[in-house]
Amino acid sequence: MLDIGNIIIDKEIDARGSFCPGPLMELIRGMKALHVGGVLAVLSSDPGSSKDIPAWIQKAGHELIGVFPEQGYTRFVARKTH
Amino acid sequence: MPQRIVIVGGGVGGTIVANLVARALRPDEAMITLIDATGEHAYMPGWLYLPFNGSEGIDLTRPERGLLNKHVQLVTGEVQRIDVSAREVTVHASPGMAGMRGTGGAIEARYGYDYLVLATGARLAPEDLSGLSGSEDAWHHFYSLDGALRLGSALRVLNGGRIVVAIGGIPYRCPPAPLEFLFLLDEWLRKRGIRERTEIEYLSPLPRVFPIESVAEVATPLLEQRDIHYRVFFNTDEVDTERRVVRSLEGEAAEYDLLVMIPPHRGARIVEEAGLGDEQGWIATDRATLEVKGHEGIYALGDATDLPVSKSGSAAHFEAKVVAARLIAAVRGEEPDPQHATYDGEVMCFLETGHNAATQLVFNYENPPHPPRPSLFYHMEKMLFNRAYWHIVPQGLV
């Protein structure tokens with residue numbers, strides 16, 4: 001487990017440098033395997049993720065906790081709600 | 001004493017590694033053993049054409065022995081156990097075989113190794129999607145020889161209706177294959193004169209029809225031109241074969257008359273049992289050296305890894321050269337040449353778009369593909385590759 005501020009991350013997936021199948025796919029795969037209430041983080045260096053990942057989280061009805069820009073990549077943190 | 005190199009899996013990756021290493025090292029330097037459950041080498045890309053009777057001239061399987069350098073010992077048997085602390089692999093005769101070929105007919109044998117290569121591939125795991133397991137007669141796929149043949153039989157008696165193509169789990173082998181199938185299906189239905197009474201819908205798990213945006217930009221207008229419907233953000237969560245409906249994680253449903261499902265995939269059982277896989281059985285692999293994380297002297301390649309590249313013969317092909325370069329250097333006690341012994345995520349594959357046209361995808365970890373406009377040229381190149389494969393790829397000549 002990783003602690004960002006007061007958020008406990010249950011699982012973090014490093015999808016940097018991934019085009020195919022890509023960070024969104026890694027996030028969906030991770031969400032499917034996660035328990036309800038769990039928090040998942042995905043690291044992505046793909047600029048398309050800033051649009052795709054929040055869009056999927058909203059469509060699937062989960063909670064986007066935050067988007068954290070880091071050096072050369074972004075960390076997306078989401079909670080599985082159902 | 002020669003160093004012992006054991007390779008598990010006789011697919012494209014394992015076979016190329018075996019041949020490259022056998023060509024470079026003398027028998028007194030390395031003893032190379034390849035273990036494969038069937039002893040038959042499958043050309044999986046050929047399965048895509050089978051439902052449409054389009055595989056004439058393409059050999060779908062050949063005996064593995066005939067593809068291997070004579071210095072490689074081929075053992076036909078099932079790996080029962082990989083003991084990483086004892087550095088030993090235990091092999092049993094495959095079901096239905098009296099003994100293991102390549103060992104004088106033994107029932108069980110153990111192979112100690114100095115270097116181990118896991119080219120164990122992916123397996124279909126219908127049990128990972130609710131409603132698929134136990135109802136195999138009620139849905140179709142083209143991810144095995146039998147599956148592709150059965151789908152072909154179903155299509156030949158089809159007289160219209162609603163065909164749904166859906167993704168059962170991520171990741172799956174050959175990401176372009178569902179799109180290629182849709183384009184070939186549309187063409188085939190038009191030739192049969194039943195396209196007008198057949199609706200085709202593709203359920204994409206992504207916000208677009210293909211993971212990579214530049215490829216989706218080429219494929220989407222083609223789907224629209226051919227009246228192939230698609231829905232995005234549809235991650236299949238359940239299949240109800242009684243009601244003929246597919247339901248998604250996002251809360252949507254799609255009804256069908258004929259369902260073509262890309263089955264969920266997992267890593268090999270033996271990998272999971274050896275404690276080398278993640279929760280889906282993929283092996284944690286260093287993205288540059290292809291060494292299994294935390295296990296010196298063990299390499300993984302192809303579909304078996306957890307690398308963020310497509311699960312494809314092409315990735316396995318490029319990775320095999322890297323693994324071979326590292327093994328050759330290690331046996332000789334040399335430092336690996338960083339240029340040849342580093343994987344940069346290189347993949348090169350074709351995407352058939354139907355009506356004798358195709359495009360080509362070339363990419364690596366850092367650079368996405370820029371697919372050219374689909375044309376006859378790339379289709380012919382793919383057709384040529386389908387035939388030339390057996391003579392150049394497993395041998396490691398390209």
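We name chains A, B, ... by the order of the sequence lines, and we start the count at 1 in each one. If you're wondering where the values come from, they're calculated on a predicted model, not measured in any experiment.
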Original post:
Between B/Tyr343 and B/Tyr365, is the ring centre distance below 6.0 Å?
Top reply: yes
Subject >> Engaged part of B/Asp278 at the chain A interface, taking heavy atoms whose separation is under 4.5 Å >> reply: side chain
Subject >> Pairs of heavy atoms under 4.5 Å with chain A: top-ranked of B/Leu249, B/Asn235, B/Val347 >> reply: B/Asn235
Original post:
Are B/Glu224 and B/Tyr230 close enough, and set up right, to give a side-chain hydrogen bond (donor to acceptor under 3.5 Å, both in side chains), and what steps lead you there?
Top reply: CA-CA 9 Å; B/Glu224 287 167 358; B/Tyr230 60 88; 2.7 Å; yes
**OP:** Indicate the ring-plane relationship of B/Phe350 and B/Tyr378, choosing parallel, tilted or perpendicular according to the 30° and 60° boundaries.
**Re:** tilted
Original post:
So which part of A/His82 gets closer than 4.5 Å to some heavy atom of chain B, the side chain, the backbone, both or neither?
Top reply: side chain
**OP:** Among A/Lys59, A/Lys32, A/Met31, single out the residue with the greatest number of heavy-atom pairs under 4.5 Å to chain B.
**Re:** A/Lys59
Original post:
Given the rule in the side-chain hydrogen bond (donor to acceptor under 3.5 Å, both in side chains) test, do B/Thr285 and B/Thr305 qualify, once you have shown the distances and angles that lead to the verdict?
Top reply: CA-CA 6 Å; B/Thr285 308; B/Thr305 75; 4.7 Å; no
